[in-house]
Amino acid sequence: MTATTTTTTPNPDPSGSPGLSKPVGDPPLLEVRNLTVTYGGGADAVPAVRGVDLRVEAGQKLGIAGESGCGKSTLALALLRLLPATATLSGEILLDGEDVLTMKWGRLRAVRWAGASIVFQGAMHSLNAVHRVGDQIAEPILLHSKSTPAAARRRAGELLEQVGLPAARAQAYPHELSGGQRQRVMIAMALACDPRLIVADEPTTALDVMIQAQILRLIEALVADQGVGLIMISHDLAVLADTCDRLSVMYAGRVVEEGPARQVYADARHPYGRALSAAFPRIGDLSSRHAPRGLPGDPPDPSALPGGCTFHPRCPVALDSCATEDQELRDAGAERRAACVLVDAPVPAGADDTRSTT
Ligand SMILES: Nc1ncnc2c1ncn2[C@@H]1O[C@H](COP(=O)(O)OP(=O)(O)OP(=O)(O)O)[C@@H](O)[C@H]1O
Ligand SMILES: [Mg+2]
């Protein structure tokens, strides 16, 4: 991974969020400014993240939504410089005001786990099959604190209880646990070094709805009790609207809409946000059960992005100018922004119906 910092336009509040009251001059827990990530180079370059701004305060839950391939995991991995060496980054990732992209390795090691930790996508399969889960939770504690092995094992037991598992399950091997239990172990690992920020990349996607709800409530309770910041990534807008305070919707490597989570879900201002929201049936909405909505086509290949607004080839309300004019995020109501030329215009009746005929 190559990290190059660039001069970025100062943006006092890229999220447009009102912010929590705190001393003037105190930096937010996380502020991402104009982040770009490109895999490879030359003709094969893949611009996976293109100029993203984010802001998370302590105790705040930010959801990041978007279809497969829109850059969500790349963004998550970039936050702790966990990307492969083929990735080039620019911009700023300020954790408590300190730029992750320019940190020396020693400092970065300390910040991983203790500053911020990640529950990885597909985490259920990333536990080591031949080690007891308690030892796997104790490992970062031993590495990042002066704990003795006995104290680290005790702490691992406490963490398991915190995520709703008996401390005795520390003796189990991963294959002896259910999928939901393994995901709880992964969350216990993420909490091991008392991080200030947790990034959860699709933490519940592979779980059934009952376990999914339990894990989401668990994450919510942990965030509330410990005042940590949370970034939750999912393609499921409904889950994010239910769990998070704010929502950023990504398309083709960019944030195209952001705002209070429930408002974005219920009344998106960008046609992509509306399509994503309409893709999930609402409780009590029989029409959506009988005729599920969807968005025709696929997101663009990042290495061959269309000109103008990258969403225009799929957009049901695109204007001729959308094929040539790129759109930046603009104000779209209180605490809301959207990257669409039509933000200020009413949506023509029926023009935005993304009901799939397939
Ligand atoms: N190591 C890599 N090398 C080259 N390209 C990559 C690499 N990892 C991801 N990409 C590309 O970057 C783009 C964004 O991928 P990313 O995994 O961030 O998407 P995502 O939004 O997390 O998708 P999903 O919802 O499927 O997890 C995709 O086009 C993907 O093919
Ligand atoms: Mg992903």
Side-chain angles (χ1 to χ4, degrees), residues 1-4 32 34-54 62-91 93 100-101 116-126 183 186-187 190 198-207 212 215-216 219 230-241 243-244 247-258 264 270 272-273 275-277 279-280 294-295 297-306 310-311 313-314 339:
M1 182 199 71
T2 318
T4 44
V32 174
N34 200 19
L35 179 69
T36 68
V37 181
T38 305
Y39 293 107
D44 298 327
V46 178
V49 173
R50 304 180 303 124
V52 165
D53 294 338
L54 298 176
L62 171 70
I64 298 182
E67 283 169 294
S68 185
C70 68
K72 305 180 298 296
S73 295
T74 301
L75 173 62
L77 295 170
L79 297 180
L80 283 178
R81 278 171 55 191
L82 291 166
L83 289 162
T86 52
T88 308
L89 288 85
S90 70
I93 299 171
V100 171
L101 292 188
S117 64
I118 297 190
V119 179
F120 290 103
Q121 185 168 10
M124 290 195 306
H125 308 290
S126 61
Q183 192 61 305
M186 293 307 304
I187 294 169
I198 297 174
V199 183
D201 190 356
E202 307 269 9
T204 59
T205 300
L207 304 174
Q212 175 174 323
I215 296 284
L216 291 174
I219 292 175
L230 173 74
I231 294 181
M232 170 112 81
I233 293 173
S234 177
H235 59 276
D236 190 332
L237 219 57
V239 161
L240 295 178
T243 311
C244 296
L247 204 54
S248 290
V249 177
M250 286 184 75
Y251 188 76
R254 275 200 188 159
V255 173
V256 295
E257 169 143 21
E258 61 190 18
V264 172
H270 191 287
Y272 180 61
L276 211 56
S277 170
F280 296 96
L295 183 62
D298 295 306
D301 176 350
S303 53
L305 293 172
T310 50
F311 185 60
R314 301 171 79 193

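Both counts, for ligands and for their atoms, begin at 1 and track the order of listing.
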- request: Nearest 0.5 Å please: distance from the CG atom of Leu77 over to the CD1 atom of Ile118.
  value: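 With rounding to 0.5 Å, CG (Leu77) is 5.5 Å from CD1 (Ile118).
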- request: Enter the distance from Glu202:CD to Ile64:CD1 here, rounded to the nearest 0.5 Å.
  value: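 So the gap between those two atoms works out to 11.0 Å.
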State whether the shortest distance between N or O atoms of [X] and N or O atoms of ligand 1 falls below 3.5 angstrom.
X	answer
Val46	no
Thr86	no
Gly69	yes

Ligand 1 atoms in contact with [X] (distance to a heavy atom under 4.0 Å):
X	value
Pro302	29 (O)
Thr74	14 (C), 15 (O), 16 (P), 18 (O)
Gly71	14 (C), 18 (O), 19 (O), 20 (P), 21 (O)

Students should be able to answer this: which protein heavy-atom is nearest to [atom], and at what distance?
atom	value
atom 25 (O) of ligand 1	Lys72 NZ, 2.8 Å
atom 26 (O) of ligand 1	Ser68 OG, 2.5 Å
atom 10 (N) of ligand 1	Tyr39 CE1, 3.4 Å

field: Identity of the nearest option to atom 12 (O) of ligand 1, non-hydrogen atoms only, from Ala48, Ser303, Ser73, Ala65
entry: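 Going through Ala48, Ser303, Ser73, Ala65 one by one, Ala48 has the nearest heavy atom to atom 12 (O) of ligand 1.
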Aromatic ring proximity, centroids under 6.0 angstrom, Tyr251 and His270: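 So the answer is no for these two rings.
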- prompt: Per the side-chain contact (heavy atoms from CB on, under 4.5 Å) rule, which among Val49, Thr88, Leu89 passes with Leu83?
  reply: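 The side-chain contact (heavy atoms from CB on, under 4.5 Å) with Leu83 is passed solely by Leu89 among Val49, Thr88, Leu89.
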Expected output: side-chain Glu67 to main-chain Asp298 donor-acceptor under 3.5 Å: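 No, Glu67 side chain to Asp298 backbone: no donor-acceptor pair under 3.5 Å.
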message: Keeping Lys72 on the side-chain end and Met250 on the backbone end, is there a donor-acceptor pair under 3.5 Å?
response: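 Looks like no, no N/O pair under 3.5 Å.
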message: For a quick check under 3.5 Å, do Ser90 and Thr36 share a side-chain donor-acceptor pair by atom type?
response: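 Ser90 vs Thr36: donor-acceptor pair found between side chains.
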- prompt: Within a strict 4.5 Å, meaning less than it, do heavy atoms of the Leu54 and Ser248 side chains meet?
  reply: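 Of all side-chain heavy-atom pairs linking Ser248 with Leu54, at least one is under 4.5 Å.
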- prompt: Are any of the protein's heavy atoms under 4.0 angstrom from atom 8 (N) of ligand 1, yes or no?
  reply: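 When distances to the protein are checked, atom 8 (N) of ligand 1 has a heavy atom within 4.0 Å.
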task: Say whether Cys70 and ligand 1 are in contact under the criterion: heavy-atom distance to a ligand atom below 4.0 Å.
output: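 The answer is yes, since Cys70 has a heavy atom less than 4.0 Å from ligand 1.
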task: Give the C-alpha distance, both sets of side-chain angles, the deciding distance and a yes or no for side chain to side chain contact (heavy atoms under 4.5 Å, CB included) between Leu75 and Ile231.
output: CA-CA 11 Å; Leu75 173 62; Ile231 294 181; over 6 Å; no
message: Would you say the Mg ion (ligand 2) has Ser73 as a near neighbour, meaning an N/O/S atom of that residue under 2.8 Å away?
response: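 Checking the Mg ion (ligand 2) against Ser73, an N, O or S atom does fall under 2.8 Å.
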